[in-house]
Amino acid sequence: MERRAARGTSDHRRRMQMPPAQVEQKPQRRRGPKSCQRTPPPPGCFTIQLLMVFLWVAASLAFLPLVLPPLPPPPLSLLLVPVCLLAVLAALAFVPLDAHNNVVVGGSSCL
């Protein structure tokens, strides 16, 4: 408790009680010359780095299958996983909705 009482007269608390015009502003330190600061690219534009990543991925997809040895086929149980997922999604697409929960109450029209 005694420490809290001593902290009550700190410089920070005095600054908080002063009007904003009397509080001195600390100068902000600049990190470097303005020429070194990067501005973000405008939205919708490709940067050189992004273009290089796209080219690297395209080249990898084109040439790695030619260089790497072929892999053995996966086991049958692993091949059934995507087929079962597709069957479940197709069944859910044709399941009717519960119409009682989707009724809009009121006489207003949406024009």
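The side-chain contact (heavy atoms from CB on, under 4.5 Å) test applied to Phe94 returns no partner, not counting sequence neighbours. Here Leu71 pairs with nothing under the side-chain contact (heavy atoms from CB on, under 4.5 Å) rule; sequence neighbours left out. With sequence neighbours left out, the side-chain contact (heavy atoms from CB on, under 4.5 Å) criterion links Leu76 to no other residue. Partners of Pro82 under the side-chain contact (heavy atoms from CB on, under 4.5 Å) rule, at least two apart in sequence or in another chain, do not exist in this structure.
In the hydrophobic clustering, where aliphatic and aromatic side chains (Ile, Leu, Val, Met, Phe, Trp, Tyr) are joined below 4.5 Å either directly or transitively, Phe63 groups with Leu66. Using a 4.5 Å cut-off between side-chain heavy atoms of Ile, Leu, Val, Met, Phe, Trp and Tyr, Leu68 falls into a hydrophobic cluster with Leu64. As a member of the Ile/Leu/Val/Met/Phe/Trp/Tyr network built from side-chain separations under 4.5 Å, Val81 groups with Leu85. In this structure, Trp56 shares a hydrophobic cluster with no other residue, the cluster being traced through Ile, Leu, Val, Met, Phe, Trp and Tyr side chains under 4.5 angstrom apart.
In plain terms, the two heavy atoms of Pro65 and Ser60 that are nearest each other are CD-O, 3.8 Å.
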